Amino acid sequence: MTPDQLRQYLEFYRDLGVTTLYRREPPAPVAPSVEVAASVAPAPQPARPPMNELELPSLAPAGDTLLKIREEIGDCRRCRLHEGRHELVFGSGNGESRLVFVGEGPGADEDEQGLPFVGRAGQLLTQMIEGTASKEGIPLKRPDVYICNVVKCRPPNNRTPEPDEMETCGQFLFRQLMAIRPKAICALGGTAAKALLGTKEGVTRLRGNWHKWRDIPVMVTYHPSYLLRPYNQNAKREAWDDLKKVLHFVYD
Ligand code: SF4
């Protein structure tokens with residue numbers, strides 16, 4: 001295993017919330033009985049396997065695709081969020097996009113339709129993407145980007161997903177991102193930022209600057225549902241600025 005592969009494994013486990021790893025020693029050889037030991041020369045001990053023979057769970061199945069990930073999720077009941085859902089919301093858009101938006105989880109409209117960001121917040125996101133792109137002279141429409149969420153099932157009463165739900169469902173988000181390998185990710189809101197960056201910092205502090213998920217640049221900005229509140233007009237301007245940065249970085 002190369003140092004780079006090892007780094008990828010460690011980052012993968014960190015993203016899943018695993019912060020402590022233990023090195024397992026090989027089992028000690030069983031000592032031969034006294035009589036046998038007297039008559040038989042000790043057998044040579046097998047050499048410790050070199051690093052590249054150690055077996056670790058795969059980071060993601062080789063040749064992973066969005067289709068395979070969706071099939072593997074199936075009629076998922078891996079966390080309690082399946083109990084109240086109508087439709088599982090996997091993601092939508094261009095699966096080969098250079099830009100992926102990650103939100104928190106489906107709301108009522110998304111849960112009905114099985115598609116991400118189709119309610120009022122979704123319409124605002126579409127306006128933000130297409131409006132900013134058009135102003136900046138970038139020929140981009142919403143179907144050109146990929147949009148998904150940290151959790152694929154609607155949390156009851158639109159509550160924030162619990163850490164264990166984010167961890168369980170997050171493995172699918174990470175596989176989606178690894179399958180697409182975009183040039184940049186835009187994290188919409190604090191939950192997406194927390195899932196991707198493992199930080200407790202709020203959006204206000206994180207937004208406007210580049211961060212990284214693995215080796216992919218991440219811009220954090222406000223969730224569109226936050227921007228719909230009338231008293232958040234300054235945040236709206238900031239979100240537009242953030243988006244401008246993302247679009248120029250990805251499409252210039
Ligand atoms: S939120 Fe994710 S892990 Fe939980 S049931 Fe839905 S698809 Fe499965």
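Computed from a predicted structure; not experimentally measured. In each ligand, atom 1 is the first atom listed, and ligand 1 is the first ligand listed.
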Compute whether any side-chain donor of one residue and acceptor of the other, for Arg229 and Asn232, lie under 3.5 angstrom apart. no
Among residues at least two apart in sequence or on other chains, which ones pass side-chain hydrogen bond (donor to acceptor under 3.5 Å, both in side chains) with Arg70? none
Exercise answer: donor-acceptor pairs, residues 132-141 side-chain atoms, under 3.5 Å, sequence neighbours excluded:
residue : atom : partner : partner atom : Å
Thr132  : OG1  : Met128  : O            : 2.5
Thr132  : OG1  : Trp240  : NE1          : 3.0
Glu136  : OE1  : His248  : NE2          : 2.7

Taking C-beta and beyond as the side chain, do His211 and Asn209 meet within less than 4.5 Å on heavy atoms? yes
Going by the salt bridge (charged side-chain N to carboxylate O under 4.0 Å, His left out) test, name the single residue among Arg78, Arg154, Arg159, Arg85 that passes it with Glu165. Arg159
For atom 2 (Fe) of ligand 1, report each protein N, O or S atom nearer than 2.8 Å, sorted by chain and then by residue number. Cys169 SG
Name all residues meeting the side-chain hydrogen bond (donor to acceptor under 3.5 Å, both in side chains) criterion together with Glu87; count only those two or more places apart in sequence or in a different chain, and write none if there are none. none
